[in-house]
There are 2 protein chains.
Amino acid sequence: MTAGMKPKPVSSAGARRTTISDVANALGMAKGTVSRALNGYSDISEGTRLRVQNMARQMDYRPLSHAQAIRTGRVRSLGLVLQTGEYDGHSPMLADFLAGIAHEVGTQGWTLTVGAATTMQDTLATLKSLSEERKADGFIIPRTYTNDPRVDLLRRLEIPFVLYGRTQDPQDCAWYDIHGGEAMSDAVARLVSFGHRRIAFINGGVEYYYSRLRLAGYYAGLDQEGMTRESALLRQGAVTEEQGEAAALELLHQDSPPTAIICAVDRAALGVFRALRRFGLTAGQEVSVIGYDGIAEGAFARPQLTTFAVDTYKAGNRLAHLLIARLLGSPVEGLRETDVAALVARDSDGPAKVTSEELAVILRQNSTQNT
Amino acid sequence: MTAGMKPKPVSSAGARRTTISDVANALGMAKGTVSRALNGYSDISEGTRLRVQNMARQMDYRPLSHAQAIRTGRVRSLGLVLQTGEYDGHSPMLADFLAGIAHEVGTQGWTLTVGAATTMQDTLATLKSLSEERKADGFIIPRTYTNDPRVDLLRRLEIPFVLYGRTQDPQDCAWYDIHGGEAMSDAVARLVSFGHRRIAFINGGVEYYYSRLRLAGYYAGLDQEGMTRESALLRQGAVTEEQGEAAALELLHQDSPPTAIICAVDRAALGVFRALRRFGLTAGQEVSVIGYDGIAEGAFARPQLTTFAVDTYKAGNRLAHLLIARLLGSPVEGLRETDVAALVARDSDGPAKVTSEELAVILRQNSTQNT
DNA sequence: ACCCTTGCCGAAACCGGTTTCGGAAATCAG
DNA sequence: CTGATTTCCGAAACCGGTTTCGGCAAGGGT
């Protein structure tokens, strides 16, 4: 094998892929040398490194990840375990999320491996087996809990991961998160500027860490405006339309009903629409409603939902990026990103047209007709 | 190494996985023998096969798929490339679909690798690279077109695949499909039995093969009832709420409006609701509406949508099953399953309360107020 | 008793990479 | 000019499996 061999011809019909050996003896070198040159070992001279890289590019050589994995143990794949229980209204964003991950992963030459589970127990087992079988080098953990058993598991197993959202104990954690709290306090400020004085908050699932942050944001917003916190204006654990509707009904049936309702989750906000409709009211008129998420249905609802939209595609994208960085050795402290949700002002909120007292009268009048 | 060695102790802290060599010399055999015993070679006696299998189970030996892949070229992974373009209303089912695939795949010891693309061009490139890099042994092709370039590509590359839905040329194709056509003709029959005489059909995207089948089903239903086909009662290409709403408005603005509307897609049916609401009408009263898909929103809509529900989880499940079978060597002809959609009778359809003529009058009256 | 199958398994090559090890050539110190 | 380092690369081992090949022993036919 002389060094002057010409690169292999354009792949004919039954062409085998070019292997590292092909590259090696096209260059007249040992395959070990080619490997080290390609992987940036320091004992390779700059000259040969270049020659190898050029030849590899010319011959369109791409190492097979599973062939590398046998020695390195790394398969260049990110894992994602979906927990699909009851309908929780979050699935609409899934497609974008996956697209975001898959795109980033694809351009880096990595892969996305997805598993599914129904219970947390099941999720943990799936995580364990996927990593034991080395189907994934690390995991993206979506929808983090305040106290997340998945985090505990992966920490114990020393398997890299990155969170979508944060968790109570940040040790060993990389994450991408949206400032949901900030959005909530912005919502309060916006509603106050519209003249609202009684602003309620319908929070999401209490087990998720995000609901803590959003509640804190709501409180911060109240504080900033010099308003007092009232438990009568707070409802927790609404993530579906029904739950949102039920929570809104509770809020509206009080003596001093809120003239504005902030929801931690868009779908709950759509439920609030329904509750209002029961009284013959429409969001954005007598009562303002602001949501959070930016689901597509919000734009199609009547009235169109004002919301703080999160870019789910981008989230997936950044998460993949961060996890790959972590797997490549970046220290976890540098892999923590937060972003802001973008206010999408539509029709479901606006200037206060009635006071709480006036609203109470209207509600009493109309409640006799319905329900 | 004697044959009587005891199995390795329960994995301690830094325990390596058990390899095939571990099993081999626990049994005092050559590793090649173990491999052949486990893979059902015929030159292994029944006795040793049993001994090997037992020992493997005892030692919890599971071969690493990427280690096998290096020789076999098969990684035991199914590929799925999502095409995420504009919001087409189909994403809600995605979570269930993935769960169905992932579950089947998981229990068989396989994996699901997902990619994403925005355009068809992109999808084809992704399919090609995923298979070239051997990230997937075969593909699940969702949302089949009448004439599907993905099928052409995979056929040409001789890569196994299975379709969710059918396509024009069945050569080399395995599939799982729902009898959408049957559902549509059932819908016609149901509406006729309710006394409806003018029944319209709002079809889905014309490029998909399913819309041909559903249209044919609608026609078959009409034929069976001795009704004539009228192009005035047919609209095509509605997959979103807006498109459904627009199509319904067109249908209702005619001189002889339909008293019942069948939609090939639930989301379009929800759009029809909105169109009716514009006229102060509600589905299930003056006009009956029947959808197809069984999306969760249908149950939450007011009125609740009568629809033919497809079990998306099951679809994913069966598709994974079929593809794995195909990859294991089953002839493609035996890998074609069809299932039926289940009628979920709710509130959006019912006995005809007005004739088309009466409806026309109502619509004319109300159209002056709205729009 | 002998040859020929057949059944069954060990040994070794192989898949496509990575990593270790050792030595030749080049560079440096004195 | 010599000896000691460095620099750089070839050779070979290795990763965890699969597959080929050949041979020993048991069984069958005559």
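Chain letters run A, B, ... following the sequence lines, proteins first, then strands; residues in each count from 1.
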In whole angstrom, what separates A/Arg51's CZ from D/dC8's P?
14 Å

Taking C-beta and beyond as the side chain, do B/Ile140 and B/Phe161 meet within less than 4.5 Å on heavy atoms?
no

Regarding B/Asn39 and B/Arg36, is there a side-chain donor-to-acceptor distance under 3.5 Å anywhere?
no

Applying the salt bridge (Lys or Arg N to Asp or Glu O under 4.0 Å) test to B/Glu132, which of B/Lys128, B/Arg134, B/Lys135 qualifies?
B/Lys128

Please work out which of the three classes, parallel, tilted or perpendicular, describes the rings of A/Phe97 and A/Tyr164, given edges at 30° and 60°.
parallel

How far does OG1 of A/Thr19 sit from CZ of A/Arg62, to the nearest 0.5 angstrom?
13.0 Å

Side-chain donor-acceptor pair present, B/Thr126, B/Thr123, cut-off under 3.5 Å
no

Base versus backbone protein contacts along nucleotides 17-28 of chain C [heavy-atom cut-off under 4.0 Å; B, S, -]:
BBBBB-------

Measure CZ/A/Arg134 against P/D/dC15 and give the value in whole Å, please.
14 Å

So A/Thr167 and A/Tyr145, side chain to side chain contact (heavy atoms under 4.5 Å, CB included) or not? Walk me through it.
CA-CA 6 Å; A/Thr167 190; A/Tyr145 292 100; 5.9 Å; no

To the nearest 10°, let me know how far the axis at one end of the helix from C/dA1-D/dT30 to C/dG30-D/dC1 is tilted from the axis at the other, five pairs an end.
40°

Could you check whether B/Arg76 and B/Gln108, counting side-chain N and O atoms only, form a donor-acceptor pair closer than 3.5 Å?
no

What's the CD1-C1' distance between B/Ile44 and C/dT6, to the nearest Å?
15 Å

Distance in angstrom units between A/Met29 CE and D/dA11 P, rounded
13 Å

State whether A/Ser45 places a side-chain N or O below 4.0 Å from either non-bridging phosphate oxygen (OP1 or OP2) of D/dC9.
yes

